[in-house]
Amino acid sequence: MKKSKGFIVLGSDHAGFRLKEAIKAHLVKKRTNIVDVGVYCEQPADYPDIAKRLVWVMKKKEGNKGMLICGTGTGMCMAANRYKGIRASVAYDIYSAEMARRDNDANVLCLRGRGIDAKKQVKLADIWLNTAFSGIARHSRRIRKLDR
Ligand code: RB5
C-alpha cells in the first residue's frame, strides 16, 4: 500500500499571519493537504502557544510537516524545538531551506513574516517542501543523537 505523505500544518502569530495566509493560498492552489492551527487574524498572540498547538497536531500522524511564522522565525523555532521529535529550522535563503531538509531532515520550517518579500518566502517554503532528506548515514546518526 502506498504510504500517505501526511499534512502540512501551518501556524503563525500576528506578525506572521499575512505570510501564513499567502503560503496557505499557494499550497491550496497546489492541492496540498493543510491544517491551519491559527492565528486567524492579526490580533496579538504569543508564539509559544501557537508552536505548542502545531506540534500537537503534527504529531498525530507520522510524515506530517509544519511551518511556523512569526516576525523573525526565531521565537517559533525556539518554541518548536522544545518538543521531542521536532527538528525546526529557520530559513532565510535558498541554501538554508534546502540544507535543512537534505542534511537535518527538518520537519518544521520557521519563516520570517516581517520586513521581507512574501514571494521570496513562499519560494523558500516550496524549496523546503520539495527537498528530500539525503538519508546519508552520518546525517541519520547525528539526527538520532538529537532526540537522546
Ligand atoms: C512579535 O512582535 C514578535 O516578537 C514575534 O513575532 C517574533 O518575531 C518572535 O520571535
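All ligand and atom numbering here is 1-based and tracks the order in the structure. Fair warning: this is a prediction, and the values are worked out from it, not measured in the lab. Heads up: numbering here begins at 1 and tracks the sequence. In what follows, every heavy atom counts, from backbone to side chain, and hydrogens, waters and symmetry copies are set aside.
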Are any of the protein's heavy atoms under 4.0 angstrom from atom 2 (O) of ligand 1, yes or no?
yes

Under 4.0 Å, counting heavy atoms only: does Met78 come that close to any atom of ligand 1?
no

Report yes or no: does Gln121 contribute a side-chain atom to a donor-acceptor pair with the main-chain N or O of Arg112 at less than 3.5 Å?
yes

Among protein heavy atoms, which sits nearest to atom 6 (O) of ligand 1, and what does the distance come to when rounded to 0.1 Å?
Asp13 OD2, 2.6 Å

Contacting atoms of ligand 1, where contact means under 4.0 angstrom from a heavy atom of His14:
1 (C), 2 (O)

Asn130 side-chain N/O to Asp126 backbone N/O, donor-acceptor pair under 3.5 Å
yes

Look at atom 10 (O) of ligand 1 and say which protein heavy atom is nearest, naming residue and atom and giving the distance to 0.1 Å.
Gly75 N, 2.9 Å

Could you check atom 4 (O) of ligand 1 against the protein and tell me its nearest heavy-atom contact, residue, atom and distance included?
Arg114 NH1, 4.8 Å

Side-chain (Arg53) to main-chain (Val37) donor-acceptor, under 3.5 angstrom
yes

So which heavy atom in the protein is nearest atom 9 (C) of ligand 1, and how far is it from that ligand atom?
Tyr47 CE2, 3.5 Å

Asp13 side-chain N/O to Ala15 backbone N/O, donor-acceptor pair under 3.5 Å
yes

Does any N or O in the side chain of Asp93 come within less than 3.5 Å of the main-chain N or O of Ser96, such that one atom is a donor and the other an acceptor?
yes

For the pair Asn81 (side chain) and Cys77 (backbone), establish whether a donor and an acceptor sit closer than 3.5 Å, ignoring hydrogens and angles.
yes

Can you confirm, on distance only, whether ligand 1 has an N/O atom lying under 3.5 Å from any N/O atom belonging to Thr72?
yes

Need the ligand 1 atom indices (1-based, order shown) with element for anything under 4.0 Å from a heavy-atom of Gly71.
5 (C), 6 (O), 7 (C), 8 (O)

Which of the atoms in ligand 1, numbered in the order shown and given with their element, are less than 4.0 Å from a heavy-atom of Ala15?
6 (O)

Using a 3.5 Å distance criterion without hydrogens, assess whether the side chain of Asn107 forms a donor-acceptor pair with backbone atoms of Arg87.
yes

